[in-house]
> 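For reference, the structure I am asking about is given below.
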Amino acid sequence: MKILFFCTAHNSLSQRLFLVLSRKHSVTVEYALSPERMIEAANLAKPHLIICPFLTSLVPQQIYDAYLTLIVHPGPPGDAGPSALDWLLMGDDGTDADSERLLSENRFNPVGRSHWGVTVLQAIGKFDAGPVWAFDQFHVNINDTSVTKSSLYRGPVTQAAIAATVAAIERIEAAASLVRPPSGAPISPPATPKPEDPEADPIGHISPSLSADAAFAELSVSISEPFLGGPTHHRPLLKAAHRNFDVRKHTASTISRRIRSADSQPGCLSDLFGPKLYLYGGMIESSSSPSSSIRGYTLPGSVIHVRDEAVCVATCDNKGIWITHIRQVKTKTDPALWPKVPAASGLEQLGISLVQGSSFYIPAVPQTPSEHWGKSSHSTFQEIWVDFVTEGERRLAYLYFDFYNGAMSTGQCRRLVQCLEYISFKATDPTEHLPLTAVVLMGGNSYFSNGIHLNVIEAAGDPALESWYNINAINDVVEKLLLDLPVRGVTTIAAIRGNCAAGGVALAAACDVVLAGQHVVLNPAYRALGLYGSEFHSISYPGRCGAERAKSALRSMTPLSADDALSMGLVDHVLRVSADLLDGAVRDTVQSLFSFAENVEGVPSPKFGAWKQNADTSPAGLALARATELGQMSMDFWSARSERYHSRRRDFVRKAKPSSTPLRFATHRRQKGMTDEEEQDMFDSVEWFVEKAAHKLKQDMSERMIRVINDFSMGNDDRTRLASPMSGTDVNIAKSTPIFGCYYNP
Ligand code: COA
């Protein structure tokens, strides 16, 4: 089938669905930028089916009247509204149908629902109310503090969305085959070709009047059960302020649920630190050892710890709540959204001092969660930990780095380097009875890694310099994997359990062996963000994939499935288990890789890091690659070409609404010879950017000149305007409409 996606953004869910459906269908993508553009796209694509995997606006009636249009709603049948996951995590169990009362009287259930679901329904005039073509459900625990709106969305919601959409398409295909010849009135009719036409469309037009079996709304596709999570309702937009909390009154669990329900967008609006800010995080501190007791002497609301840029605040039930990130509220005069930044530095920047011993900050939680980088035994905030495991004659180190959104700031990379140094030391520690066999990079649950931290960079006083520090720091991490650990005889393994992008892919690719979950999405290209890229990708990508395929991975800027990455050589093994079984599967696979290497007589053992035979990973080779990549990156940060990175980073972090869909996604718009700017060679040319800047300057100057002449002739003589350059803010942050405008309205 020809399928057209309408998306608010081509996000992790739509990318994954795209990869799954593309195996069988031809899929093209259009950003839902305006009703006109959507109609135009439908007319160009003439799809058999339209799917909206992630859409925050309405589909125009002309479209759903003409094309069968499916909406993927992150809620079970009967649930409707734009904040489905938010209500779920707040503790809405469906027993109270009155949303206003539920909120004002705080009638949420602290245990919440046992299940949630995803429904694929047909677009009609009313939001989320059309016939259901399929739904799926999954178990949920709203008090698991690792469950946030985003982790749910990227995990079980995405999984259920795939299952339900695939089922819906099969059901539509089956139903359509029963009712041909087609009916319906397309916008500009997707003329049904005659059978003798050599380009005849064997599927024909699928009518939106095709009827969905009522049973589709009754039984979920995976377990064939009715929805097990309780009654469902239409719930309105849950605004940031609806989750406000009072530390003197609300327990740590309640506050945690409120913060986690607002993760990603909009954040939990609160005046916890004085000014109103959007807060993120929500891990609970339950430390109870005598030395760290927070019992008795700390007022709720006091900061009781600052760790790795996260801030812990005492709650009224003798616990603490961790705030990991903050975002300032956009006022009417702010040209764009503020970056979401780590809490401690963000608060300091606002003049909120976190100096130890001040009346505001009374340290009461241990400095490090546990010694020797081990996983803390109690609930707390912890980004990096190592699980050393001895099995038989092998000692393995499973290294977790669970960074928010997979972004790795300079500080986080430096801490990761310290941890790798500790692992290196333990590799040959004479007090250990076995040397270390391998280190397994586990990354985070939601993401493996997305490379350098674009938000921290955007918020820095000098973003170019911060970019430089950050890329050097992440390179230090990768160098540990390519140099220090191999020198000590330690095999390096990357276990990609969540999606990864750019430098995160290169971080994995630098390892001897790369394992990936079958569901992960990889975006190896850097160009979409206007970067040449570093992290030794110029060694690992060609070493693993060959020069041509490495080039195409970097140039195509389209997402790869784990299987695509396997066939290219970026990944060595795909683990074909569901996401909840992945952790165990990684450990089993690692064990069996070594057992196989050691035990099977007469069978050549798998050569770990075989790709390194095609690359120069000697100290000199690595130094050369690093210097070459950094030479290019310095141009990305400081030369005229830096405009491509600085503008793209700004738009990415501040969520500026794009002006069009890239042609690499919108293949229905691509005609012969048409390319995106990022696909052209001149995109790499510093000279081209110099000329572009000169041209723009000339244009600006003549426009200003015309304005001054006009003003002068009208008697408004303001000659200073000619001379005064635009302020830094004007130059750096052009007024932009945020992509999720509605969410940021407090
Ligand atoms: N730095 C900071 N934040 C990042 C990030 C990075 N490198 N990569 C992703 N994020 C954040 C996004 O801002 C977003 O934040 P929010 O939801 O809390 O506001 C969140 O992660 C999810 O990203 P989003 O793009 O909405 O969803 P996705 O899962 O579809 O991500 C990616 C797809 C990874 C391809 C896309 O986020 C991306 O291109 N990231 C940048 C990768 C990059 O170029 N890194 C730098 C070069 S090493």
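First listed ligand is number 1; within each ligand, the first listed atom is number 1. Here, residue 1 is the first one in the sequence, and each next residue gets the next number.
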> Would one find an N or O of Ala501, backbone or side chain, under 3.5 Å from an N or O of ligand 1?
no
> What part of Leu529, side chain, backbone, both or neither, has a heavy atom within less than 4.0 angstrom of ligand 1?
side chain
> Taking N or O atoms only and a 3.5 Å limit, does Lys655 qualify as a polar contact for ligand 1?
yes
> With respect to Ser264, determine whether any N or O atom, backbone or side chain, lies less than 3.5 Å from an N or O atom of ligand 1.
yes
> Identify which of Phe403, Tyr645, Phe652 has a heavy atom lying nearest to atom 37 (O) of ligand 1.
Phe652
> Residues in side-chain contact (heavy atoms from CB on, under 4.5 Å) with Asn472, at least two apart?
Trp468, Arg626, Leu630
> Parallel, tilted or perpendicular, judged at 30° and 60°: which one describes the rings of Phe18 and Phe5?
perpendicular
> Please compare Asn455, Ile452, Asn405 and report which has the shortest non-hydrogen distance to atom 6 (C) of ligand 1.
Ile452
> Short list, please: which atoms of ligand 1 are under 4.0 Å from a heavy atom of Gly451?
48 (S)
> With heavy atoms of Gly503 as the reference, note each atom of ligand 1 found under 4.0 Å away.
48 (S)
> Output the list of atoms in ligand 1 that are nearer than 4.0 Å to some heavy atom of Ala407, sorted by atom number.
1 (N), 2 (C), 3 (N), 6 (C)
> Report, in ascending order of atom number, the atoms of ligand 1 lying under 4.0 Å from any heavy atom of Ala502.
43 (C), 44 (O), 45 (N), 47 (C), 48 (S)
> Which heavy atom of Arg549 sits nearest a heavy atom of Ser567, and at what distance?
NH1-O, 3.0 Å
> In this structure, does ligand 1 have an atom that sits under 4.0 Å from one of the heavy atoms of Arg154?
yes
> Which heavy atom in Ala163 sits nearest to a heavy atom in Asp136, and how many Å separate them?
CB-OD2, 3.4 Å
> Quickly, which of Arg650, Arg654, Lys655 forms a salt bridge (Lys or Arg N to Asp or Glu O under 4.0 Å) with Glu458? Name it, please.
Arg654
> Which pairs, with at least one residue in residues 518-536 and sequence neighbours excluded, count as a salt bridge (charged side-chain N to carboxylate O under 4.0 Å, His left out)?
Arg527-Asp684
> Count the heavy atoms of every other residue, nucleotide or ligand shown that sit under 6.0 Å from OH of Tyr469, and state whether that count exceeds 12.
no
> Out of Ile471, Val505, Asn523, Ile457, indicate the one that has the non-hydrogen atom closest to atom 35 (C) of ligand 1.
Asn523
> Is it true that Glu383 and Arg415 have a side-chain N and a carboxylate O under 4.0 angstrom from each other?
yes
> Can you check ring-ring contact (aromatic ring centres under 6.0 Å, His included) on Tyr526 and Tyr532, steps first, answer last?
CA-CA 6 Å; Tyr526 297 84; Tyr532 175 85; 7.9 Å; no
> Relative to the heavy atoms of Leu531, which atoms of ligand 1 are at a distance of less than 4.0 Å?
47 (C)
> With under 30° as parallel and over 60° as perpendicular, where do the rings of Phe401 and Phe403 fit, or are they tilted in between?
tilted
> Check each atom of ligand 1 against the heavy atoms of Glu535 and keep those under 4.0 Å away; list them by number with element.
48 (S)
> Please determine if Tyr447 has a nitrogen or oxygen closer than 3.5 Å to a nitrogen or oxygen of ligand 1.
yes
> Could you say whether the N/O atoms of Lys340 and ligand 1 ever approach to under 3.5 Å?
yes
> Hey, is the main chain of Tyr278 close enough, under 3.5 Å, to the side chain of Lys340 for a donor-acceptor pair?
no
> Test of understanding: given a 4.0 Å heavy-atom threshold, classify the contact between Ser12 and ligand 1 as side chain, backbone, both, or neither.
both
> Using a strict 4.0 Å cut-off to heavy atoms of His453, name the atoms of ligand 1 that fall inside it.
1 (N), 2 (C)
> Show me which atoms of ligand 1 lie under 4.0 Å from any heavy atom of Gln265.
17 (O), 19 (O)
> So, Asp564 and Arg23, do they make that salt bridge, N to O below 4.0 Å?
no
